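A short worksheet on the structure shown next.
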Amino acid sequence: MANNPAVLEQQLIAWRHELHMHPETAFEEVETSRFISNLLEAAGLDVHRGIGGTGFVANLKVGTGKRVIGMRADMDALNMTEEGEVPWRSQIPGKMHGCGHDGHMIMLLGAALKLAVQPNFDGTIRFVFQPAEEPGTGAKAMMKDGLLEKFPMEEIYSLHNRPVKPFGTINTTSGPIQASEDNFTITIQGKGGHASAPQNTIDPMIVASQVILGLQTIVSRNVNPQSCAVISCTEIHTDGAHNAIPSKAVITGDTRSYSPEVQDLLEKRMREICMNICQAYGAKCDFLYTRVFDPTINWKDQVKKCVAAGVRAAGAENTFDDFEPSTGSEDFGVFLQQIPGCNMFLGTGENEVMSNNTLLHNPRFDFNDKIIMTGVNYWYELAGICLPKA
Ligand SMILES: [Zn+2]
Ligand SMILES: [Zn+2]
């Protein structure tokens, strides 16, 4: 089956539809993990399950080469109700593969099956199937379970489908390719009272307003203009009423950046501004800053290998190494903080105007099956480039 591209493609599409019909969300990818790992085991790979919960690693060793690389796919679906009408739409209420991770798994599975019967490399490939990418906790869970100690890898690669890039294109860049995402919650404790007598209160609404404006000076005055950052306050909640000054205001929001240094700066300056503005008004402040996603920072030498594989699989005219970094986040960045590697975006958009393609995380999204074999071939070529035969 894996010897014949047309037969392999039909089989992969059928399996992709199976996965799409049965989406499972973060750390609940039990059947998904079983389905893929059983197929890999049947193909002769050495499978190790239960790494980071539902995550697993499948090893394929060929020849005598000592070198080892990793190829990673994410497995989780979204908590979202599918509105599309494809025959293979989700059969699980409130869950759907809205980010195309079903397609990611299938392309990597297809490549593993092809590499097992037509090996073009010498060494070991570890196929890493990761849970819980969407909440940004799956890669960390696998690390915590000793992924890199038990299964050392010299480099690791990943890809994500991208409907806003032209069909069949390979898109990557050196350095930052996706942003960090941190969340914050600022609780401002004032003193509530009658709306007619503000002199007896400490109005947390006024303090919160000053804090929000103060935070907006960090990107313009503290972050190096050559760097990039976003601070967005997205919610403000109080316990006030129409005629009552609240006692408490809670501001929440999210920040993005492309380097751990900028992340540190944002956290430090945000804390200082919040604490000092609150103190100036006599209010108390509780500042909570949570790091959710690390930035995804591609390594230069691995980008070159990714591009070389792209040229072989998709053609030089379709391979780009100048991708403008996305402010979206991806927990593959966790791997790249430990070992060299590269993330790549596989273009799947077929409309002339890219924004007319159904976007990721849209309730009508469905992974584009026509790209499957390009993805398989990309992974296949990457194996030969990273682990060449002597
Ligand atoms: Zn997603
Ligand atoms: Zn995704």
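Treat the numbers as computed from the prediction; the structure is a model and nothing was measured. Each ligand, and each atom within it, is numbered from 1 in the order the structure gives.
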**Study point:** Glu133 N/O/S atom closer than 2.8 Å to the Zn ion (ligand 1)
**Key:**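 It does not: Glu133 brings no N, O or S atom closer than 2.8 Å to the Zn ion (ligand 1).
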Practice item. Flag yes if more than 12 heavy atoms outside Gln279 fall under 6.0 Å of its CD atom; otherwise flag no. Key: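 Counting other residues, nucleotides and ligands, CD of Gln279 stays at 12 neighbours or fewer.
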Check your understanding: Within a radius of less than 6.0 Å around CD of Gln226, do more than 12 heavy atoms belonging to other residues, nucleotides or ligands occur?
Key ->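 No, CD of Gln226 has 12 or fewer neighbouring heavy atoms, counting only those of other groups under 6.0 Å.
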Check your understanding: the Zn ion (ligand 1) is nearest to which N, O or S atom of Glu134?
Key ->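 Nearest N/O/S atom: OE2.
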Review point. Which single N/O/S atom of His160 lies at minimum distance from the Zn ion (ligand 2)?
Key: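 Among the N, O or S atoms of His160, the one closest to the Zn ion (ligand 2) is NE2.
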**Study point:** Considering only N, O or S atoms of His101, the one closest to the Zn ion (ligand 2)
**Key:**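 That would be atom NE2.
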**Study point:** Electrostatic pair Arg256-Asp254, nearest N-O below 4.0 angstrom
**Key:**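 Salt bridge flag = yes for Asp254 with Arg256.
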Practice item. For His104 and His101, run ring pair (Phe, Tyr, Trp, His ring centres under 6.0 Å): C-alpha distance rounded to whole Å, both residues' side-chain angles, the deciding distance at 0.1 Å, then the answer. Key: CA-CA 5 Å; His104 299 168; His101 299 181; 5.3 Å; yes
Practice item. Any chance you could lay out the side-chain hydrogen bond (donor to acceptor under 3.5 Å, both in side chains) test for His160 and Asp74, step after step, and finish with the verdict? Key: CA-CA 9 Å; His160 205 293; Asp74 39 17; 4.6 Å; no
Check your understanding: Backbone or side chain, does His104 get an N/O/S atom under 2.8 Å to the Zn ion (ligand 2)?
Key ->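 Coordinating: no.
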